[in-house]
Student: 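Take a look at this one; I'll ask things after.
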There are 2 protein chains.
Amino acid sequence: MVLKNEKHQKIESFENIKQIFIEYLNKTNHRKTPERFTILKEIYDFQGHFDIEMLYNRMKINRYRVSRATLYNTMELFMESGLVIKHQFDKNCAQYEKNFCSKLHDHAICVKCRRVIEFHEPVINKVEESLKNSYGFNTLNHSLVFYGICEYCSINEKAIKK
Amino acid sequence: MVLKNEKHQKIESFENIKQIFIEYLNKTNHRKTPERFTILKEIYDFQGHFDIEMLYNRMKINRYRVSRATLYNTMELFMESGLVIKHQFDKNCAQYEKNFCSKLHDHAICVKCRRVIEFHEPVINKVEESLKNSYGFNTLNHSLVFYGICEYCSINEKAIKK
DNA sequence: TTCACTGCAAACGCTTTGCATATGG
DNA sequence: CCATATGCAAAGCGTTTGCAGTGAA
């Protein structure tokens, strides 16, 4: 298993990311509005997963007013251009994640504290191959989420029991 | 990879399932109401995944009136007793699945026709072990979903292209 | 100029909640 | 008898939609 370590990630510059988005907008005949680029910059600067409300509040704090509707619309564009991935970990808990580094990865979520561990597990590719061979199923993407108790919470549990 | 073939599944009798549920209700001091057993029977007889609305309608057709609230409450009990698993494939698309055969399994969903393939992939247990060893993460359960194009839809796609 | 985009608020749809009534233990 | 469970309807909440106004091309 490969730890997703920030130090080892290839960091793409904002200009590169912006260029990818511009190319997508051109190709699909969408307008290059200032809102779209401001939102892109905002999520570029933000670390980790986010949801719409979080993004809305951060932008308000930064004195940039966008409507929630625009945020939802823009996320759609980001997803279609491959810059953002959406996770529906639970109902009423849609999380977005920027996808600026190329490595796809999976998640382990602590059911107690909602902490998210990210990891990359190449063995999943073997499963993809099996699906192709056994069922003729062509995988586009996948979602692998483990639910359980993280290290910190299990230490706390033991402490409480004592 | 192991195909989840109905023919090879151990079919638990309703009485066995009911017994598991009764034991859970006893252990957790919940009442044995007629509604709970009627709902259990209904999902026992039903094949495949279901959502609350589907279950509500089926029961109405069968002349057994329960409120949606009771269905939601009862699903909670079924999940806690391990008889039902909840999948949040999308927002506004919570699917429940009975878990009467002991083998856990994963899903591949066709993004075109929404067909669901079920399979069992033991290699996931290795990933669980890695999570435990690398992060001290204790997995309770997991969700692995592949999104892609199924055999039938890719055959159709080729036919259309010709 | 024009039509896609934005902001706002209302609508939506699934789920949860509050409360009066019913009933298992 | 009374704490739990149920049914019903209202409320909640993230998301989508409709529409009037705005601005990119």
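The sequence lines fix the lettering, A, B, ..., with proteins before strands; numbering per chain opens at 1.
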Student: Let's see if you get this right: which residues in residues 16-27 of chain A place a heavy atom under 4.0 Å from DNA chain D?
Tutor: none
Student: Nearest whole angstrom, please: distance from the P of C:dC14 to the CE of B:Met54.
Tutor: 11 Å
Student: Which residues satisfy the ring-ring contact (aromatic ring centres under 6.0 Å, His included) test with A:Phe14, sequence neighbours excluded?
Tutor: A:Tyr44
Student: Let me know the distance between CZ of B:Arg36 and P of D:dT4, rounded to the nearest Å.
Tutor: 12 Å
Student: Going by the rule ring-ring contact (aromatic ring centres under 6.0 Å, His included), which residues pair with B:Tyr56 if we only count those two or more places apart in sequence or in a different chain?
Tutor: none
Student: Could you note down all residue pairs passing salt bridge (charged side-chain N to carboxylate O under 4.0 Å, His left out) where residues 39-51 of chain B supplies at least one of them, sequence neighbours left out?
Tutor: B:Lys41-B:Asp45, B:Glu42-B:Arg58
Student: With B:Asn26, which residues qualify under side-chain hydrogen bond (donor to acceptor under 3.5 Å, both in side chains), at least two apart?
Tutor: B:Lys32
Student: Taking only residues two or more places apart in sequence, or in another chain, which ones meet B:Thr33 in a side-chain contact (heavy atoms from CB on, under 4.5 Å)?
Tutor: B:Arg31, B:Glu35, B:Arg36
Student: Could you identify which residues of residues 57-65 of chain B place a heavy atom less than 4.0 Å from some atom of DNA chain D, listed by residue number, or say none?
Tutor: B:Arg65
Student: Side chain to side chain donor-acceptor pair (under 3.5 Å): which pairs involve residues 72-82 of chain A, sequence neighbours left out?
Tutor: A:Tyr24-A:Glu80
Student: How would you list, by chain and number, every residue that makes a ring-ring contact (aromatic ring centres under 6.0 Å, His included) with A:His30, sequence neighbours excluded?
Tutor: none
Student: If the condition is side-chain hydrogen bond (donor to acceptor under 3.5 Å, both in side chains), which residues does A:Glu53 pass it with, not counting sequence neighbours?
Tutor: A:Arg68
Student: The criterion is side-chain hydrogen bond (donor to acceptor under 3.5 Å, both in side chains); which residues satisfy it with B:Thr139, sequence neighbours excluded?
Tutor: none
Student: Flag the pair B:His49 / B:His107 as yes when their ring centroid distance falls below 6.0 Å, and as no otherwise.
Tutor: yes
Student: Can you build the contact string for nucleotides 15-25 of chain D? Use B for base contact, S for sugar-phosphate-only contact, and - for no protein heavy atom under 4.0 Å.
Tutor: BBB-----BBS
